[in-house]
There are 2 protein chains.
Amino acid sequence: MTHTEEITLAKEIELSTEEKILHSARKVFTKKGLSGARMQDIADEAGINKALLHYYFRSKEKLFEKIFEEASTKMFAKLTEFIDSKELSLFEKIEKMVENQIAMSMENPFLPAFVINEFHQNAEGSICQTIGRKMSVSHKLIEHIQEAVNQGLIRPINPIQLFINIMSLSMFPFVSKPILQINMNVTEEQFALLMEQRKKDVADFVIRAIKL
Amino acid sequence: MTHTEEITLAKEIELSTEEKILHSARKVFTKKGLSGARMQDIADEAGINKALLHYYFRSKEKLFEKIFEEASTKMFAKLTEFIDSKELSLFEKIEKMVENQIAMSMENPFLPAFVINEFHQNAEGSICQTIGRKMSVSHKLIEHIQEAVNQGLIRPINPIQLFINIMSLSMFPFVSKPILQINMNVTEEQFALLMEQRKKDVADFVIRAIKL
DNA sequence: GAATAATTTAACTAAATAGTTAAACTTTTT
DNA sequence: AAAAAGTTTAACTATTTAGTTAAATTATTC
């Protein structure tokens with residue numbers, strides 16, 4: 001193996017320092033939160049030292065801001081893709097919302113709790129205000145629900161309550177996972193299975209609750 | 001006003017130092033979490049200095065443990081009262097569970113997010129393990145649901161999923177309140193009104209979803 | 001291949017925060 | 001009222017953690 005081959009291979013396998021930092025920052029911040037995370041932990045996780053962290057990202061706040069914004073966006077990314085669609089029926093939208101949010105949570109188990117908690121502890125803070133404005137979920141879904149009620153397709157329900165219900169059923173299990181697991185003696189595998197079932201179960205549950 | 005009258009009056013109005021500390025510790029810990037809370041903030045909030053805090057409660061950990069255990073218990077206290085009852089029907093239990101958990105969350109707005117988040121960040125830790133064991137929700141409810149399915153009173157559903165649904169619908173809105181508010185432009189009063197409505201709405205929603 | 005720029009480190013400083021001490025003050029007991 | 005116990009404080013120390021510096025190393029450009 002020549003020298004250049006070694007380098008090419010290394011580049012394919014190993015991430016750049018910046019990417020390594022972002023990976024470990026994601027991991028540490030989402031697990032421990034802003035106040036619980038330690039720059040030293042992030043550096044250790046990335047296999048570098050603290051000075052290099054500050055070389056790439058001036059401060060903890062700056063690094064956090066990047067991770068938090070990325071996380072907030074990711075949390076609702078799949079939703080915004082189709083929520084305004086004119087082609088999908090309300091029931092189809094509900095099915096997709098549930099499936100997408102559960103899939104997102106399964107792929108990123110700490111993400112929902114992280115975003116929710118930082119908003120909680122810092123709701124007035126500038127970061128949350130900025131990010132909050134960007135991700136206001138469309139009023140078109142609310143209108144879609146209201147239309148369905150008006151047309152007698154579903155029973156009367158406050159559209160906002162229905163939206164809250166869909167989000168609650170999809171995401172709460174992941175947010176409260178540790179309590180549920182202790183509470184009900186559920187292993188990791190059992191939990192994953194339950195959540196996989198929920199992709200269909202929750203949509204059915206919601207549709208049964210609202211159809212005439 | 002005599003000297004003794006002054007003292008009697010003061011005792012009625014003012015809390016003991018220990019109670020003042022617990023009050024402010026509750027406030028600061030539930031808002032900021034273990035890692036975000038500062039002993040100085042707790043002292044300031046109680047109108048005392050840090051040394052006195054350490055006089056009453058040896059360390060931050062000790063004080064936190066007390067507050068956290070109290071909070072975890074409070075979070076499910078009302079539930080455990082009636083959940084095993086033989087007199088109540090399943091639907092009555094569902095109505096009470098929803099109403100109690102929403103009422104509890106309205107009275108203690110930061111409590112659910114606090115408990116959930118600390119479990120998340122510390123699920124392996126000794127505190128969570130100890131507290132977790134104490135609050136395992138009864139299997140009798142699960143059995144009650146299973147019986148209702150077997151007797152054909154409700155449509156087939158995994159009892160664990162139904163339990164998760166009830167908890168999700170009752171508590172998620174409070175956990176995700178800051179995001180919901182920014183997302184849907186909802187004031188404090190509007191939010192309180194929505195949650196008041198949910199006490200009935202959620203029970204209806206669940207019952208409609210499961211009844212034949 | 002020398003010069004320049006980018007990357008990385010060890011060792012440091014600065015700031016924040018938990019926890020301690022010794023003395024003063026207050027209340028209760030004898 | 002003297003002694004003892006309980007309460008409170010100001011000023012302190014110890015520890016943790018974010019952030020800096022200057023020098024060494026590596027990669028890139030001319």
Side-chain angles (χ1 to χ4, degrees), chain A residues 2-25 27-29 31-68 118 121-122 125 127, chain B residues 2-25 27-29 31-68 118 121-122 125 127:
Chain A
T2 69
H3 184 61
T4 44
E5 274 175 345
E6 259 178 25
I7 287 173
T8 313
L9 198 62
K11 273 191 180 165
E12 277 173 12
I13 291 171
E14 240 180 70
L15 300 165
S16 75
T17 303
E18 189 170 342
E19 282 169 326
K20 278 195 288 183
I21 292 173
L22 287 171
H23 261 92
S24 40
K27 189 169 170 181
V28 174
F29 275 132
K31 225 184 219 158
K32 307 281 191 72
L34 170 58
S35 62
R38 299 287 160 253
M39 291 298 268
Q40 189 63 60
D41 295 343
I42 296 172
D44 291 350
E45 184 76 37
I48 57 164
N49 70 15
K50 253 189 338 161
L52 196 50
L53 220 55
H54 284 93
Y55 174 76
Y56 279 93
F57 301 90
R58 193 161 301 132
S59 68
K60 188 183 178 183
E61 297 289 326
K62 285 254 190 302
L63 180 54
F64 172 77
E65 210 168 320
K66 183 146 193 165
I67 299 296
F68 183 52
E118 295 302 330
Q121 285 176 20
N122 193 22
I127 302 173
Chain B
T2 68
H3 184 62
T4 46
E5 273 176 349
E6 258 177 27
I7 287 174
T8 314
L9 199 60
K11 272 189 180 167
E12 277 173 11
I13 291 170
E14 240 180 70
L15 299 165
S16 76
T17 302
E18 189 170 343
E19 282 169 327
K20 276 194 289 183
I21 292 174
L22 287 171
H23 261 93
S24 40
K27 188 168 170 182
V28 175
F29 275 131
K31 224 184 221 158
K32 307 282 191 72
L34 170 58
S35 61
R38 298 288 159 251
M39 291 297 266
Q40 189 62 62
D41 295 344
I42 295 172
D44 292 350
E45 184 75 36
I48 56 165
N49 70 13
K50 256 190 332 163
L52 196 50
L53 220 56
H54 285 92
Y55 173 76
Y56 280 94
F57 301 91
R58 192 161 300 130
S59 67
K60 188 183 178 181
E61 298 288 327
K62 287 255 191 302
L63 181 53
F64 173 77
E65 210 167 317
K66 183 146 193 165
I67 298 296
F68 184 51
E118 294 302 331
Q121 286 177 18
N122 194 22
I127 301 173

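The figures that follow rest on heavy atoms only: side chains count, while hydrogens, waters and symmetry mates do not. Here is how names work: the chains are called A, B, and so on, in the same order as the sequence lines, proteins then strands, and each is numbered from 1.
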Check: Using a cut-off of 4.0 Å on non-hydrogen atoms, how would the nucleic acid contact of A/Ala43 be classed: base, sugar-phosphate, or nothing?
Finding: nothing
Item checked: Gap between atoms NZ and P, on B/Lys62 and C/dT20 respectively (whole Å) -> 11 Å
Check: Who are the salt bridge (charged side-chain N to carboxylate O under 4.0 Å, His left out) partners of B/Lys27, not counting sequence neighbours?
Finding: B/Glu45
Check: So which pairs with a foot in residues 49-66 of chain A pass salt bridge (Lys or Arg N to Asp or Glu O under 4.0 Å), sequence neighbours left out?
Finding: none
Next item on the list: Could you grab the distance from atom CG of B/Leu52 to atom CD of B/Glu18, nearest 0.5 Å is fine?
Entry: 10.5 Å
Notebook entry, point to check: Any side-chain N or O of A/Thr17 under 4.0 Å from OP1/OP2 of C/dT8?
Noted result: yes
Note to self: Under the rule for ring-ring contact (aromatic ring centres under 6.0 Å, His included), what residues qualify as partners of B/Phe57, not counting sequence neighbours?
What the structure shows: none
Note to self: How many whole angstroms separate atom CD1 of A/Ile21 from atom C1' of D/dG19?
What the structure shows: 15 Å
Next item on the list: Please tell me which of B/Asn49 and A/Lys60 maps to the more 5' nucleotide of DNA chain D, matching each residue to the nucleotide holding its nearest heavy atom.
Entry: B/Asn49
Notebook entry, point to check: In whole angstroms, how far is the C1' atom of C/dT7 from the CD atom of A/Glu19?
Noted result: 16 Å
Notebook entry, point to check: Who pairs with A/Phe68 by ring-ring contact (aromatic ring centres under 6.0 Å, His included), at least two apart in sequence or on another chain?
Noted result: A/Phe64, A/Phe114, A/Phe119
Check: Do you know the tightest heavy-atom contact between A/Asn49 and A/Ala43?
Finding: C-CB, 3.8 Å
Next item on the list: Taking only the side-chain heavy atoms of B/Arg38 (C-beta and beyond), determine which of D/dT9, C/dA10, C/dA18 contains the nearest atom.
Entry: C/dA18
Checklist line | Interatomic distance, A/Glu18 CD vs C/dA6 P [rounded to whole Å] | finding: 14 Å
Next item on the list: Rounded off to whole Å, could you give me the CZ-to-C1' distance for the A/Phe29 and D/dA18 pair?
Entry: 12 Å
Side chains of residues 32-42 of chain A: which donor-acceptor partners sit under 3.5 Å, not counting sequence neighbours?
unit_1	atom_1	unit_2	atom_2	d
A/Ser35	OG	B/Ser35	OG	2.9
A/Ser35	OG	B/Gly36	N	3.4
A/Arg38	NH1	A/Ser35	O	3.2
A/Arg38	NH2	A/Ser35	O	3.3
A/Gln40	NE2	A/Asp44	OD1	3.0

Item checked: Contact residues, residues 50-58 of chain A to DNA chain D [heavy atom, < 4.0 Å] -> A/Lys50, A/Ala51, A/His54
Next item on the list: Can you tell me the distance, in whole Å, between the CD atom of B/Gln40 and the P atom of C/dA15?
Entry: 18 Å
Item checked: Whole-Å gap separating P (D/dT16) and CG (B/Leu34) -> 15 Å
